[in-house]
Amino acid sequence: MFERHTRRTQTVLPAYTIEVGTEPLIRPARNSVGGWPFLDQAQDWPECFCGERMALFFQFDIPLDLEPFGGDHLLVFHCRAHNDASEPQFADGRLVPKYWLAPQPPYPAPFWRVLIQSRPALPAPEAEPSLCPLPLALRPFVDTSDDEGVGAQTFKVGGTPSWAQDPEHYRCACGADLVYVCQVP
């Protein structure tokens, strides 16, 4: 009798752990929690449907070796008052067109914004007022997935997703699969 063991092939993808510093920033930094958002020249500070300016949670430059967004700048904003989990809206198994502007039941519009800026930008003249600005450091690491295909459960960009529940895979309104960029534990 022969016993056959199959072993899941582990793909090691480029990954960077994101470490939050402890010394408050006194000037703009492209990699930060809070701080001064680096927005494209024509980009306004995002506002919630309630009319309030969203809080800048974090921002960082995506390392060059992380395709397809390597070299771009990622910013994540969220409303201070509306912070429920949201369920994306679908049509024919795809996200609705302009899903980032679509209603987020029970709300009439999103209360979050994820921006990827591809052009060099200057920092906003003022810092996010509700968070102490702290530096972020991105350090390369080997994100080896476990037997279930789950990556490291840490604040990271790149690597393998670490799903808290079942994996969620989305398709854009154009039909393309969305790609994993980063995760926040």
Side-chain angles (χ1 to χ4, degrees), residues 16 18-21 24-63 66 68-92 94-138 155-158 161 164 168-185:
Y16 293 78
I18 303 172
E19 300 168 357
V20 180
L25 293 169
I26 57 172
R27 66 180 62 82
R30 293 183 62 85
N31 298 343
S32 66
V33 168
W36 296 258
F38 283 75
L39 297 164
D40 281 347
Q41 189 173 11
Q43 176 73 49
D44 292 327
W45 195 307
E47 290 185 356
C48 179
F49 68 87
C50 70
E52 292 297 317
R53 189 168 81 174
M54 292 184 192
L56 171 64
F57 274 15
F58 63 87
Q59 64 180 341
F60 58 80
D61 288 333
I62 300 172
L66 298 179
F69 299 109
D72 291 345
H73 188 69
L74 175 74
L75 303 99
V76 176
F77 295 86
H78 208 285
C79 181
R80 290 172 199 79
H82 301 97
N83 57 9
D84 300 318
S86 65
E87 292 290 329
Q89 301 297 306
F90 294 97
D92 298 324
R94 299 176 183 181
L95 292 168
V96 297
K98 295 188 178 183
Y99 64 89
W100 58 92
L101 297 175
Q104 301 285 311
Y107 303 120
F111 41 89
W112 52 266
R113 188 75 76 240
V114 176
L115 302 175
I116 295 184
Q117 310 288 17
S118 57
R119 295 182 298 276
L122 296 174
E126 59 186 279
E128 166 54 50
S130 59
L131 294 172
C132 176
L134 296 172
L136 294 177
L138 283 69
F155 190 9
K156 66 182 179 181
V157 58
E168 297 177 21
H169 302 281
Y170 297 113
R171 297 196 75 174
C172 181
C174 73
D177 291 333
L178 296 186
V179 297
Y180 165 78
V181 176
C182 77
Q183 73 180 37
V184 180

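These numbers come from a predicted model, not from an experiment. We count residues from 1, following the sequence as given.
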(request) Working to the nearest 0.5 Å, report the span between CG of D72 and CG of L115. (result) 11.5 Å
(request) To the nearest 0.5 angstrom, please state how far the CD1 atom of I62 sits from the CG atom of L74. (result) 5.0 Å
(request) Could you list all the salt bridge (charged side-chain N to carboxylate O under 4.0 Å, His left out) pairs where at least one residue sits in residues 106-117, not counting sequence neighbours? (result) none
(request) Calculate, to the nearest 0.5 Å, the distance between atoms CG and CG belonging to L75 and L56 respectively. (result) 6.0 Å
(request) Sequence neighbours left out, what pairs pass salt bridge (charged side-chain N to carboxylate O under 4.0 Å, His left out) with at least one residue falling in residues 172-185? (result) R171-D177
(message) Show the nearest heavy-atom pair for residues P105 and Q89, with the distance to one decimal.
(response) CD-NE2, 3.1 Å
(request) Could you list the residues that satisfy side-chain hydrogen bond (donor to acceptor under 3.5 Å, both in side chains) with E52, not counting sequence neighbours? (result) none
(request) Name all residues meeting the side-chain hydrogen bond (donor to acceptor under 3.5 Å, both in side chains) criterion together with Q104; count only those two or more places apart in sequence or in a different chain, and write none if there are none. (result) S86
(message) My understanding is that only residues two or more places apart in sequence, or in another chain, count here; which of them pass side-chain hydrogen bond (donor to acceptor under 3.5 Å, both in side chains) with N31?
(response) none
(message) Over 60° means perpendicular and under 30° means parallel, so tell me whether F58 and F60 are parallel, tilted or perpendicular.
(response) parallel
(message) Under the salt bridge (charged side-chain N to carboxylate O under 4.0 Å, His left out) definition, can you give me all pairs with a residue in residues 124-134, not counting sequence neighbours?
(response) R53-E126, R80-E128
(message) If the condition is ring pair (Phe, Tyr, Trp, His ring centres under 6.0 Å), which residues does F69 pass it with, not counting sequence neighbours?
(response) none
Please table the atom pairs, donor to acceptor, closer than 3.5 Å between any side-chain atom in residues 33-49 and protein atoms at least two apart or in another chain.
from	atom 1	to	atom 2	distance (Å)
D40	OD2	R119	NH2	3.0
W45	NE1	M54	O	2.7

(request) Please identify each residue that fulfils side chain to side chain contact (heavy atoms under 4.5 Å, CB included) with Y170, with sequence neighbours left out. (result) P88, F90, L95, E168, L178
(request) With sequence neighbours left out, write down each residue that passes side-chain hydrogen bond (donor to acceptor under 3.5 Å, both in side chains) with Y16, or none if nothing qualifies. (result) D65
